[in-house]
Amino acid sequence: MEQKNNTINVFIMLGFTTDPVMQKVLFAVFLVVYTLTLLGNSSLIVLICNDVRLHTPMYFFIGNLSFLDLGLSSVYTPKILATCISEDKSISFAGCVAQFFFSAALDYTECYLLAAMAYDRYVAISKPLLYSQAMSLKLCVFLVAASYVGGFINSVIITKDTFALTFCSDNVIDDFFCDIPPLVKLACGKKESFQSVLFFLLTSNVIIPIVFILASYIFIIAIILRIRSTQGRLKAFSTCSSHLISVTLYYGSILYIYARPRSSYSLDRDKIVSTFYTVIFPMLNPLIYSMRNKDVKEALNKLLK
C-alpha cells in the first residue's frame, strides 16, 4: 500500500547499528567528539574576539568558520546521542525538514566561506604590505554575509524540492540524519526535474567554489615559485597550509557522497563518510588552525594566565 508524504508524520532513524552495546560505545564516542567540538570552536572564537593580535581578516574568517562548525555539529550530534541511548528512534516530519534545512544551509555557507578564505590567502601572499587595506573589514563582512545568503537561499530550494517528493515505500531512513540519498531512496515517482535541481545545487555550491579555490591556489603557487629563497617559499606556503587541509578534507568527503553516480551509492559506506564531514570535521578545524599557529598559541597562553 502506497504511503504518501502528506500522511507521514514521523521518520524512523536506523542510525549506525541496532546492537545495544555498540550503541552505548557510539554514544560515548560522539559525546566526547561533541564536547571537544564545543570547547575547541568556542575557545577559538573567544581568543579571536579578545586578543587584538587576532583582529585580522584571516582570523575574522576563521572565527566565522568556527561559528558555522558549532552550528553544524549541533544540528546533528544531539539527535545522534539521543538515538544511541533511546529506544525511540523516530524524528517528526517537521523535525526532519528543520534538520535538513539547517544542515544544508550551514553546509552550503561553509562551501562559500572556504572559497572566500582562498581569496583572502591569495591577497595575503600577493599583497603582503597592503593586506589589511585590500581585505578591509567592509569587504570581509560582505563576503561572510554573501556566504550566508547564498547558503540559505540554496537550502530553501533543495528543502522545498526534496520534501515535495512522494514517499511511497516506508518511513525508515537508513542513516543517522535526514539527508538527500536516504530520502530519495524512500521516494517514488522521482521526477527528472529534481535531479536537475540537485545537479544545479551541486554545481553552484560545490563545483564553482572548488574552481574558484583552485584558481586562487594556481595564482598562489605562481607567486610562491617567484620567491627566490627556500625559506621564503616555505613561509609563504605555511600561511595557506591550514586552509588547504580544510578544503581537501571538507570538499573531498562532500564530493564522495554527492558527486558519484547513483548506481555506486552504498548507504553503509556513506554513513562513515557523512560522519566525517558532519561530526568529525567540525572538531578538527580548531586543531587545524591553531596547532601550528604561533599567534593563537600566544593568545591562549595569555588568556590562561
Side-chain angles (χ1 to χ4, degrees), residues 13 15-17 22-50 54 58-85 99-100 102-114 117 144 147 151 175-179 206 240-258 269-297 299-301 303-304:
M13 299 282 194
F16 295 93
T17 178
M22 282 303 301
Q23 285 181 348
K24 292 178 181 178
V25 173
L26 289 173
F27 174 83
V29 171
F30 281 115
L31 182 60
V32 170
V33 170
Y34 187 48
T35 302
L36 292 175
T37 301
L38 295 179
L39 290 175
N41 286 285
S42 299
S43 299
L44 194 54
I45 292 173
V46 170
L47 289 176
I48 293 171
C49 292
N50 287 344
L54 303 183
M58 181 182 74
Y59 291 108
F60 179 78
F61 289 115
I62 292 175
N64 280 278
L65 183 64
S66 291
F67 179 77
L68 281 175
D69 287 336
L70 280 175
L72 191 60
S73 181
S74 297
V75 168
Y76 298 113
T77 315
K79 184 60 181 176
I80 296 175
L81 293 174
T83 303
C84 287
I85 61 173
Q99 186 187 67
F100 184 95
F102 285 106
S103 62
L106 295 174
D107 273 326
Y108 295 157
T109 300
E110 190 153 334
C111 288
Y112 290 126
L113 186 63
L114 287 173
M117 293 173 72
V144 171
S147 299
D175 210 329
F176 63 92
F177 70 107
C178 294
D179 197 16
V206 180
C240 304
S241 58
S242 296
H243 176 259
L244 195 57
I245 293 172
S246 291
V247 167
T248 303
L249 295 177
Y250 188 72
Y251 280 105
S253 56
I254 288 180
L255 286 174
Y256 178 83
I257 295 292
Y258 299 107
R269 185 172 61 243
D270 291 353
K271 287 179 189 179
I272 300 175
V273 181
S274 297
T275 304
F276 180 81
Y277 82 86
T278 57
V279 179
I280 304 298
F281 183 77
M283 179 193 69
L284 294 178
N285 258 340
L287 298 176
I288 293 172
Y289 285 101
S290 62
M291 283 185 65
R292 298 174 57 190
N293 195 303
K294 181 181 177 182
D295 292 334
V296 173
K297 291 179 181 178
L300 179 60
N301 289 332
L303 182 66
L304 293 177

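Computation of the quantities below employed the complete heavy-atom set of this structure, encompassing side-chain atoms and omitting hydrogens, waters and symmetry-equivalent molecules.
The two residues P286 and N41 make their nearest non-hydrogen contact at CG-OD1, 3.4 Å. The two atoms that bring Y251 and C111 nearest to each other are OH-O, 2.7 Å, heavy atoms only. Taking every heavy atom of both residues into account, G151 and T109 meet most closely at CA-OG1, 3.6 Å. Counting all heavy atoms, side chain and backbone alike, S43 lies closest to L39 at OG-O, 2.6 Å. Across L54 and Y59, no two heavy atoms sit closer than the pair O-CB, 3.0 Å.
Proximity of F281 to L72: side-chain heavy atoms (C-beta onward) are nowhere separated by under 4.5 Å. T35 has its side chain within reach of L31: a pair of non-hydrogen atoms, C-beta onward, lies under 4.5 Å apart. Contact annotation: the side chain of Q23 never approaches that of T83 to less than 4.5 Å [non-hydrogen atoms, C-beta and beyond]. Contact of the V279 side chain with the F30 side chain is registered, since non-hydrogen atoms from C-beta on lie closer than 4.5 Å. The shortest side-chain heavy-atom distance between L70 and L38 falls under the 4.5 Å cut-off. Side chains of C178 and M13 form a contact here, defined as non-hydrogen atoms less than 4.5 Å apart. Counting heavy atoms from C-beta on, the side chains of L68 and N64 never come closer than 4.5 Å.
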**Request:** Report the C-alpha separation of F176 and T278 in whole Å, then their side-chain angles, then the decisive distance to 0.1 Å, and conclude whether the side-chain contact (heavy atoms from CB on, under 4.5 Å) test is met.
**Result:** CA-CA 11 Å; F176 63 92; T278 57; 3.7 Å; yes
**Residue pair Q99, F177: steps toward the side-chain contact (heavy atoms from CB on, under 4.5 Å) verdict** = CA-CA 8 Å; Q99 186 187 67; F177 70 107; 3.4 Å; yes
**Item:** Derivation of the side-chain contact (heavy atoms from CB on, under 4.5 Å) call for I85 and L81
**Value:** CA-CA 7 Å; I85 61 173; L81 293 174; over 6 Å; no
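A distance-only check finds a donor-acceptor pair linking the side chain of S103 to the backbone of F100 [under 3.5 Å].
Note that OG1 of T37 and OH of Y76 are 13.5 Å apart. Values are rounded to the nearest 0.5 Å. Atom-to-atom distance recorded for I280:CD1 and S73:OG is 9.0 Å, nearest 0.5 angstrom. Residue S147 holds its OG atom at 12.0 Å from CG of L106, rounded to the nearest 0.5 Å. In this structure, D69 CG and E110 CD are separated by 4.5 Å, a value rounded to the nearest 0.5 Å.
Residues passing the side-chain hydrogen bond (donor to acceptor under 3.5 Å, both in side chains) test with S246, sequence neighbours excluded: N285, Y289. Applying the side-chain hydrogen bond (donor to acceptor under 3.5 Å, both in side chains) test to Y112 and every residue at least two apart in sequence or in another chain returns N154, N205.
Within 6.0 Å of the CZ atom in F27, the count of heavy atoms belonging to other residues, nucleotides or ligands exceeds 12.
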